[in-house]
Protein chains: 2
Amino acid sequence: MGKRKKSSTNLLNEKYIMESCDLTYAVCKVGGRWKLLILCKLENGKLRYSELRNAIDGITERMLTLQLRELEKDGLVKRTVYAEVPPRVDYELTPIAIELIPIWSKLSSWGAKHKKLVK
Amino acid sequence: MGKRKKSSTNLLNEKYIMESCDLTYAVCKVGGRWKLLILCKLENGKLRYSELRNAIDGITERMLTLQLRELEKDGLVKRTVYAEVPPRVDYELTPIAIELIPIWSKLSSWGAKHKKLVK
DNA sequence: TTCGGTACATACAAATTTGTCCGTTATGGG
DNA sequence: CCCATAACGGACAAATTTGTATGTACCGAA
């Protein structure tokens, strides 16, 4: 999120795992604290920055920005800036992110089931 | 993993998110660095500690132990200790973890696809 | 001309995760 | 009696993620 040291064991391990396991790779892409919450909010269409901020209780602007930047870099959300003042920016899911939705819903059901089991 | 401070904003946020989003909850359960790799190795049946260690390149015994402990606590793996010397312990997926397998395979395909897209 | 709203950026600090190194236990073989 | 082995446990340190506080640009409205 900030800069990472090249060639720490930590980073090398991460790289190795991401290369050798597509599943870990996939999970890492949505692994930030707020990423899935953001993506969920976007399931029904575009939202602008402030709408996301208001929709996600507890997130700070810094975190929202950071996570959106990564999602954008990873091709999961598309950012559109309108040349207006005050500025307007909106975010939407990319096609590859949309492909995740049916998988999410299964995973989400699993989560709900697991949650009950544990109690 | 080590102890966590109760009532840091960080922890409170995590709790809140896990409660309000089953999807995030599910992803967090397998979110440790090595967890998915471990679970994948167990897909075809029991393995003992040393077999896991040897199967997963780069993992240290400490990390393997920690991640296994959490997986056990979360009911994703079952640990069996045999009263032998030297000790023998094996690990296997629980039923709820087995239910994840078909979802994983979809997610894994998605990961592979995404990986190509990005290149 | 100061003010307000939007979408950030930046410096810094706290929390958490991951990794390194070394110790432990019990016993059958030599 | 000494040692090797399997499966850990604990202290400590490095790396990384998350959170806090504050500042920026822009322009139209008051």
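Just so it is clear, the structure is predicted and the values come from calculations on it, not from any experiment. The chains referred to below are lettered A, B, ... by the order of the sequence lines, with proteins before strands, and numbering in each begins at 1.
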Student: Any side-chain N or O of A:R33 less than 4.0 Å from the OP1 or OP2 oxygen of D:dG19?
Tutor: yes

Student: Output the rounded distance in Å from CD1 (A:I59) to P (C:dA7).
Tutor: 14 Å

Student: Figure out the CD1/P separation between B:I17 and C:dT16, and round it to whole Å.
Tutor: 13 Å

Student: Name the pairs: protein N/O against N/O of nucleotides 20-27 of chain C, kept only if under 3.5 Å.
Tutor:
from: C:dT20; atom 1: OP1; to: A:T9; atom 2: OG1; distance (Å): 3.3
from: C:dT20; atom 1: O4; to: B:R62; atom 2: NE; distance (Å): 3.4

Student: Counting only side-chain heavy atoms from C-beta out, which of C:dC8, D:dC8, C:dT18 sits nearest to A:R69?
Tutor: C:dC8

Student: Just the rounded figure in Å: distance from P of D:dA15 to NZ of A:K15.
Tutor: 15 Å

Student: Do the side-chain N or O atoms of B:Y49 get closer than 4.0 angstrom to the phosphate oxygens (OP1, OP2) of D:dG9?
Tutor: no

Student: Please report the distance, rounded to the nearest Å, between CZ in A:R88 and C1' in D:dA25.
Tutor: 18 Å

Student: Among pairs that include at least one residue of residues 22-54 of chain A, which meet ring-ring contact (aromatic ring centres under 6.0 Å, His included), considering only residues two or more places apart or in two chains?
Tutor: A:Y25-B:H114

Student: Between A:L68 (CG) and C:dT6 (C1'), how many Å, whole number?
Tutor: 14 Å

Student: Looking only at side-chain N and O atoms, does A:S50 come under 4.0 Å of OP1 or OP2 in C:dA7?
Tutor: yes

Student: How many angstroms lie between atom CG of B:L107 and atom CG of A:L100, to the nearest 0.5 angstrom?
Tutor: 6.5 Å

Student: Evaluate the salt bridge (charged side-chain N to carboxylate O under 4.0 Å, His left out) criterion for residues A:E70 and A:K35: first the C-alpha distance (whole Å), next the side-chain angles of each, then the deciding distance (0.1 Å), finally the verdict.
Tutor: CA-CA 9 Å; A:E70 288 205 350; A:K35 280 185 189 170; 2.6 Å; yes

Student: If the condition is side-chain hydrogen bond (donor to acceptor under 3.5 Å, both in side chains), which residues does A:S109 pass it with, not counting sequence neighbours?
Tutor: none

Student: From the set C:dC8, C:dT16, D:dC8, return the single nucleotide nearest to any side-chain atom of A:R79.
Tutor: C:dC8

Student: Supply the atom-to-atom distance A:L52 CG to A:Y91 OH, rounded to the nearest 0.5 angstrom.
Tutor: 8.0 Å

Student: Taking the side chain as every heavy atom from C-beta outward, state whether A:R79 and A:E92 have any atom pair closer than 4.5 Å.
Tutor: no

Student: Quick one: B:L37 CG to C:dT18 C1', roughly how many Å, whole number?
Tutor: 15 Å

Student: Would you say A:R48 reaches C:dA7's phosphate, i.e. side-chain N/O to OP1/OP2 under 4.0 Å?
Tutor: yes

Student: Taking 4.0 Å as the cut-off, does a side-chain nitrogen or oxygen of A:S8 come that near to OP1 or OP2 on D:dT16?
Tutor: yes

Student: What is the distance from CG of A:N54 to C1' of C:dA7, rounded to the nearest Å?
Tutor: 13 Å

Student: If only side-chain N and O atoms of A:Q67 are considered, is one of them under 4.0 Å from the OP1 or OP2 phosphate oxygen of D:dT18?
Tutor: yes

Student: Would you kindly compare B:G31 and A:D90 by the position of their nearest DNA chain C nucleotide and give the one closer to the 5′ end?
Tutor: A:D90

Student: Using whole Å, what does the distance between atom P of nucleotide D:dC8 and atom CG of B:L71 come to?
Tutor: 13 Å

Student: Classify the nucleic acid contact of A:R53 as base, sugar-phosphate or nothing, counting any heavy atom under 4.0 Å across all strands shown.
Tutor: nothing

Student: Can you check whether B:G75's main-chain N or O pairs, donor with acceptor, with B:T94's side chain at less than 3.5 Å?
Tutor: yes

Student: Is there a donor-acceptor pair under 3.5 Å between the side chain of A:K115 and the backbone N or O of B:M18?
Tutor: yes

Student: Quick check on D:dC26: is either OP1 or OP2 less than 4.0 Å from any side-chain nitrogen or oxygen of A:Y82?
Tutor: no

